[in-house]
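In listed order, ligands and their atoms are each counted from 1.
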Amino acid sequence: MNAAPTTVEIGDRFARELPELAVSWRAEAAPAPTLLVLNDELAGDLGFDPDWLRGPDGVQLLLGTQVPAGATPVAQAYAGHQFGGYVPRLGDGRALLLGELTAADGTLRDLALKGSGATPFARGGDGLAAVGPMLREYIVSEAMHALGVPTTRSLAVVATGRQVQRETPLPGAVLARVASSHLRVGTFQYAANSADVDVLRRLADHAIARHHPGAASAGNPYLALFEAVVGVQAELVAKWMLVGFVHGVMNTDNMTISGETIDYGPCAFMEAYDPETVFSSIDSWGRYAYGSQPSVAVWNLARLAESLLPLLAEDQQQAIALAEGSLGGFTARFQDALADGMRAKLGLAADTPDEVAVPLMNDLIAQLHQSHVDFTSFFRALGHGARGDDEPARGLFLDLAAFDAWLARWHGLNPDADAMDRANPVYIPRNHLVEEALTAATAGDLQPLHRLLEAVTAPYDERPGFERYAEPAPEDFGKYRTFCGT
Ligand code: AMP
Ligand code: MG
């Protein structure tokens with residue numbers, strides 16, 4: 001591997017501190033690389049010159065085929081419960097951690113690739129990715145970031161010039177992904193299976209240092225780590241619920257220790273409000289439906305707790321009791337975050353008591369469900385109500401008498417229209433628009449992708465010319481289906 005002439009340093013901290021969880025590996029060469037999209041702002045935050053990244057050496061870095069001296073690209077090992085079934089060895093089958101960078105704000109970030117070739121964890125997979133799904137992750141992760149939801153970021157997508165065989169041959173691509181780290185619940189499950197408890201302890205120490213440094217000085221640092229993860233995941237899932245996001249594949253290998261959303265495979269945004277919303281073609285039982293996400297998060301965190309038990313207390317029963325106590329904190333933290341977010345969406349003062357706000361929210365949710373109201377555009381329509389025009393929102397309901405009664409209660413709390421506009425997005429990556437952009441990009445036309453990115457990366461800022469980006473899918477778009485691992 002040649003050294004790329006960039007001044008950005010890429011460290012090897014994970015590879016050095018946790019060699020038992022890392023396999024040194026290199027990316028596959030790309031026959032005809034073409035940069036499809038680059039995140040200039042994120043590049044700058046990471047200390048890259050975006051123009052350098054666009055050039056031939058930069059593109060080789062984004063493909064992992066040239067890395068700076070000092071970097072040690074690795075495939076990371078992890079286990080995971082997939083749809084409830086335990087798989088002891090998953091790992092990065094088609095991904096590589098290039099290493100860690102220090103961002104402008106001083107925090108450490110992982111730079112990783114997806115679609116960079118088969119690794120020893122590939123389990124028969126080709127290690128590759130197609131242009132469509134990699135751009136999908138780029139669009140949705142950047143939209144989530146703009147919506148204020150903690151998430152991995154997308155730095156670039158480079159088409160490789162290689163064909164990837166799926167149902168049909170598709171153009172291949174590599175996504176460059178940036179994360180606070182790629183530590184997952186599944187990483188702990190894998191480490192807990194190691195005969196040597198020291199690996200688990202080093203992993204926990206690494207996670208504390210990178211994500212939850214306050215835990216280090218707690219009486220029981222590993223219990224404090226667990227509590228911190230419970231807290232960030234409760235906050236995260238509340239944010240998903242508030243924007244109508246359905247992750248779609250909440251396996252334990254797709255849940256981070258940092259509290260960032262990771263792995264944008266079959267995810268999609270709900271339109272008409274329905275807790276049973278499922279998009280993933282393989283989720284036939286609705287395990288990961290919109291309304292099930294909080295309870296799945298608790299289930300996954302229980303798997304994290306099991307993995308941490310040897311570190312929590314000498315006595316197993318005592319360790320279990322401690323973990324159960326901490327896991328019990330999820331519900332209150334989640335409900336508080338959800339209620340705070342709903343207060344903001346409804347334009348209510350932050351000190352509106354739960355006794356008033358929570359029944360108001362619950363009644364509204366029931367009516368949204370009953371009338372199949374588009375979750376995102378409803379709140380902007382309601383914002384007109386706070387400016388004196390109730391008609392845009394009233395027009396969305398079947399049972400007008402019930403909605404009028406609700407409106408009267410809401411008006412009684414003097415909602416703040418400007419605050420609502422800051423809390424309620426106009427533009428989300430709607431399924432039909434994402435599909436439109438990906439189909440065009442796969443055929444070589446990047447214009448719809450860039451236009452969609454323009455809309456969803458400034459989601460609260462209503463702009464003329466973007467009207468169609470604010471609207472739900474037309475009826476003839478039909479029921480939306482998404483796919484994993486593509
Ligand atoms: P995901 O559904 O993306 O979370 O992936 C689940 C597991 O399958 C991970 O271990 C991936 O690395 C692996 N995987 C998914 N697609 C491929 C592929 N095309 N080649 C090799 N491994 C893959
Ligand atoms: Mg995954």
Side chain of [X], backbone of [Y]: donor and acceptor closer than 3.5 Å?
X      : Y      : result
Asp45  : Ala104 : no
Arg94  : Leu128 : yes
Ser281 : Thr482 : yes
Ser307 : Arg303 : yes
Glu142 : Arg153 : no
Thr65  : Gln60  : yes

What atoms of ligand 1 come within less than 4.0 Å of a heavy atom belonging to [X]?
X      : answer
Tyr78  : 9 (C), 10 (O)
Leu90  : 10 (O)
Asp253 : 4 (O)
Asn254 : 4 (O)
Gln82  : 6 (C)
Gly91  : 9 (C), 10 (O), 11 (C), 12 (O)
Arg166 : 19 (N)
Gly125 : 20 (N), 21 (C)

Classify the contact between Phe121 and ligand 1 as side chain, backbone, both or neither, using a heavy-atom distance cut-off of under 4.0 Å. neither
Under a 4.0 Å heavy-atom limit, does Asn251 contact ligand 1 with its side chain, its backbone, both, or neither?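 The answer is neither.
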Is the shortest distance from a Lys or Arg side-chain nitrogen in [X] or [Y] to a carboxylate oxygen in the other one below 4.0 Å?
X      : Y      : result
Asp374 : Arg430 : yes
Asp110 : Arg13  : no
Lys114 : Asp263 : yes
Glu436 : Arg468 : yes
Arg202 : Asp198 : yes
Glu235 : Arg333 : yes
Asp283 : Arg287 : no

With sequence neighbours excluded, what pairs up with Glu454 under the salt bridge (charged side-chain N to carboxylate O under 4.0 Å, His left out) test?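 With neighbours one apart ignored, the set is empty.
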Any N or O of Arg123 that comes nearer than 3.5 Å to an N or O of ligand 1? yes
Taking N or O atoms only and a 3.5 Å limit, does Arg94 qualify as a polar contact for ligand 1? yes
Ignoring hydrogens, just give me the one of Asp92, Asp263, Leu128 whose non-hydrogen atom is nearest atom 3 (O) of ligand 1.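 When every heavy atom of Asp92, Asp263, Leu128 is considered, Asp263 comes closest to atom 3 (O) of ligand 1.
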Should one rank Gly124, Gly93, Gly127 by closest heavy-atom distance to atom 18 (C) of ligand 1, which comes out on top?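 Comparing heavy atoms across Gly124, Gly93, Gly127, the nearest one to atom 18 (C) of ligand 1 lies in Gly127.
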Could you establish whether Gln76 and ligand 1 come within less than 4.0 Å of each other, counting only heavy atoms on the residue side? no
Does Asp126 reach ligand 1, in the sense of a heavy atom lying below 4.0 Å from it? yes
By residue and atom, what protein N/O/S atoms are less than 2.8 Å from the Mg ion (ligand 2)?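 Under 2.8 Å from the Mg ion (ligand 2) - ignoring waters, which are not counted - the protein N, O or S atoms are Asn254 OD1, Asp263 OD2.
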